[in-house]
Visitor: 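One structure follows; several queries about it will come next.
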Amino acid sequence: GDGIWSMEISQDYPSMSLIGVDYNTLRLERYQQNVPAAQTYYGSCLDIPLDNQIADVVMFHQVLEHIPEPAAALHEVRRILKPDGWLMLSVPNEGTWLKKIQYRWIQPGLLASTDHVNFYTSASLSQQLEAAGYSIHSLEAVGFYFPHQGISRRLLNNRLTFQTGVALARLFPAFRDCLFAWCRLT
């Protein structure tokens, strides 16, 4: 990715070593610009170019929904995690009734045009993680979502509407757009 989360981590924890891996050279260049102290490697999450048991934390943010072989990707992450390491993972929350309304009536063509190949609910994500040998420390729906991509983007780009959306999502779980999990190896 572009390193937005790593940029925040590097500001809060300047002594932490960060590594970015992506198969997209443009994103790797942006990552390097955003996190100059980080090491970057060109590679796939199915064949991560790192040694075994090297990582304390692996951040898999909005990746798993794009991978045709999610079990293989989770297995590869297991390989690079230290035995006491953490997997921090997020995917879009496809389990809300708002998503069903969006796909059926508001933007019915969206599913045909997405590059997502996996659509996760809390239950299906839990099952995928546990089958891959992870114990889930926490799994929660977070964030804010409005059931139209264009409108949702505009709302999220405005601070006041974003904060209003987050408040709505606290009250109404159907507005939570992301499943966020902290996992350890079993």
Visitor: Anything under 30° is parallel, anything over 60° is perpendicular, the rest tilted; go ahead and classify H116 against F119.
Guide: tilted
Visitor: I'd like to know if L125 and L81 are part of one continuous hydrophobic network [Ile/Leu/Val/Met/Phe/Trp/Tyr, side-chain heavy atoms within less than 4.5 Å].
Guide: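 Linked, L81 and L125 end up in one cluster.
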Visitor: Identify, with sequence neighbours excluded, every residue that meets side-chain hydrogen bond (donor to acceptor under 3.5 Å, both in side chains) alongside Q33.
Guide: none
Visitor: Side chain to side chain contact (heavy atoms under 4.5 Å, CB included) for C178 and N93? Distances and angles first, verdict last.
Guide: CA-CA 5 Å; C178 181; N93 182 8; 5.6 Å; no
Visitor: For P49, what residues pass the side-chain contact (heavy atoms from CB on, under 4.5 Å) criterion, not counting sequence neighbours?
Guide: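 Partners of P49 by the side-chain contact (heavy atoms from CB on, under 4.5 Å) criterion, ordered by chain and then number, come out as V21, Y41.
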Visitor: Using every non-hydrogen atom in the two residues, find where A181 and L129 come nearest and quote the distance to one decimal.
Guide: CB-CD1, 4.1 Å
Visitor: Under the side-chain contact (heavy atoms from CB on, under 4.5 Å) rule, collect the residues that match up with Q32, sequence neighbours excluded.
Guide: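 Partners of Q32 by the side-chain contact (heavy atoms from CB on, under 4.5 Å) criterion, ordered by chain and then number, come out as T40.
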Visitor: Is there a chain of hydrophobic side chains (I, L, V, M, F, W, Y, each step under 4.5 Å between heavy atoms) that links V58 to I67?
Guide: yes
Visitor: Do Y134 and V77 come close enough that some side-chain heavy atom pair is under 4.5 Å?
Guide: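 Sidechains of V77 and Y134: in contact.
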Visitor: Flag yes if Y103 and W105 sit in one hydrophobic cluster, no otherwise; membership is Ile, Leu, Val, Met, Phe, Trp, Tyr, and two members link when side-chain heavy atoms are under 4.5 Å apart.
Guide: no
Visitor: Between Y120 and Q128, is there a donor-acceptor pair closer than 3.5 Å when you use the side chain of the first and the backbone of the second?
Guide: no
Visitor: Which pairs would a plain distance check flag for residues 159-169, meaning a side-chain donor or acceptor within less than 3.5 Å of a matching protein atom at least two apart in sequence or in another chain?
Guide:
unit_1, atom_1, unit_2, atom_2, d
T161, OG1, L155, O, 2.4
T161, OG1, N158, O, 3.1
T164, OG1, L160, O, 2.9

Visitor: Going hydrophobic residue to hydrophobic residue with side-chain gaps under 4.5 angstrom, can you get from L87 over to V63?
Guide: yes
Visitor: Of all the heavy-atom pairs spanning S126 and L139, show the shortest one and how long it is.
Guide: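 Minimum heavy-atom contact is OG-CD2, 3.1 Å.
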Visitor: Enter the distance from I151:CD1 to I106:CD1 here, rounded to the nearest 0.5 Å.
Guide: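 I151 CD1 to I106 CD1: 8.0 Å, rounded to 0.5 Å.
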Visitor: I'd like to check the side-chain contact (heavy atoms from CB on, under 4.5 Å) partners of W97; sequence neighbours left out, ordered by chain and number.
Guide: I101, A174
Visitor: Please identify each residue that fulfils side-chain hydrogen bond (donor to acceptor under 3.5 Å, both in side chains) with D51, with sequence neighbours left out.
Guide: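 Once residues adjacent in sequence are excluded, D51 has no partner under the side-chain hydrogen bond (donor to acceptor under 3.5 Å, both in side chains) criterion.
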Visitor: Could you measure the distance from the CD1 atom of I80 to the CD atom of Q53? Nearest 0.5 Å is fine.
Guide: 11.0 Å
Visitor: Could you work out, with side-chain contact (heavy atoms from CB on, under 4.5 Å) as the rule, every residue matching A72, not counting sequence neighbours?
Guide: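 Applying side-chain contact (heavy atoms from CB on, under 4.5 Å) to A72 gives L46, E69.
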Visitor: Considering non-hydrogen atoms only, spot the tightest contact between C183 and I136 and give its length.
Guide: SG-CG1, 4.2 Å
Visitor: Test of understanding: with side-chain hydrogen bond (donor to acceptor under 3.5 Å, both in side chains), list the residues that count as partners of S124, not counting sequence neighbours.
Guide: T121
Visitor: Residues in side-chain hydrogen bond (donor to acceptor under 3.5 Å, both in side chains) with Q107, at least two apart?
Guide: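 Q107 satisfies side-chain hydrogen bond (donor to acceptor under 3.5 Å, both in side chains) with Q102 only.
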Visitor: Apply the hydrophobic cluster definition, ILVMFWY joined by side-chain contacts under 4.5 Å directly or through others, and give me every member besides W86.
Guide: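 Members other than W86 - counting any ILVMFWY side chain reachable under 4.5 Å - are I4, W5, M7, I9, Y13, M16, L18, Y31, V35, V57, M59, M88, V142, F180, W182.
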Visitor: With sequence neighbours left out, which residue pairs that include part of residues 14-30 fulfil the side chain to side chain donor-acceptor pair (under 3.5 Å) condition?
Guide: D2-R30, D22-R27, Y23-R27
Visitor: Testing the basics here: between R176 and A141, what is the closest heavy-atom pair and its distance to 0.1 Å?
Guide: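 Looking at all heavy atoms of both residues, the closest pair is CD-O, 3.2 Å.
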Visitor: Quick test of your reading: applying side chain to side chain donor-acceptor pair (under 3.5 Å), list the pairs with at least one residue in residues 71-82, sequence neighbours left out, ordered by first then second residue.
Guide: N52-R79, D56-K82, E76-R79
Visitor: Using the rule that two of Ile, Leu, Val, Met, Phe, Trp, Tyr join whenever any of their side-chain heavy atoms come within less than 4.5 Å, decide whether Y42 and L26 are in one cluster.
Guide: no
Visitor: Between the side chain of T186 and the main-chain N/O of G133, is any donor-acceptor distance below 3.5 Å?
Guide: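 Yes, because the side chain of T186 sits within donor-acceptor range (under 3.5 Å) of the backbone of G133.
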Visitor: Any heavy-atom pair between the side chains of L98 and D177 that's under 4.5 Å?
Guide: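 Not in contact.
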Visitor: Can you confirm whether Q127 is buried at CD, in the sense that more than 12 heavy atoms of other residues, nucleotides or ligands lie under 6.0 Å from that atom?
Guide: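 No, because the 6.0 Å sphere around CD of Q127 holds 12 heavy atoms or fewer from other groups.
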Visitor: For A73 versus L64, what's the shortest heavy-atom pair and its separation?
Guide: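 In this case the closest contact between A73 and L64 is CB-CD1, 4.4 Å.
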Visitor: Rounded to the nearest 0.5 Å, how far apart are OG1 of T114 and NE2 of H66?
Guide: 7.0 Å
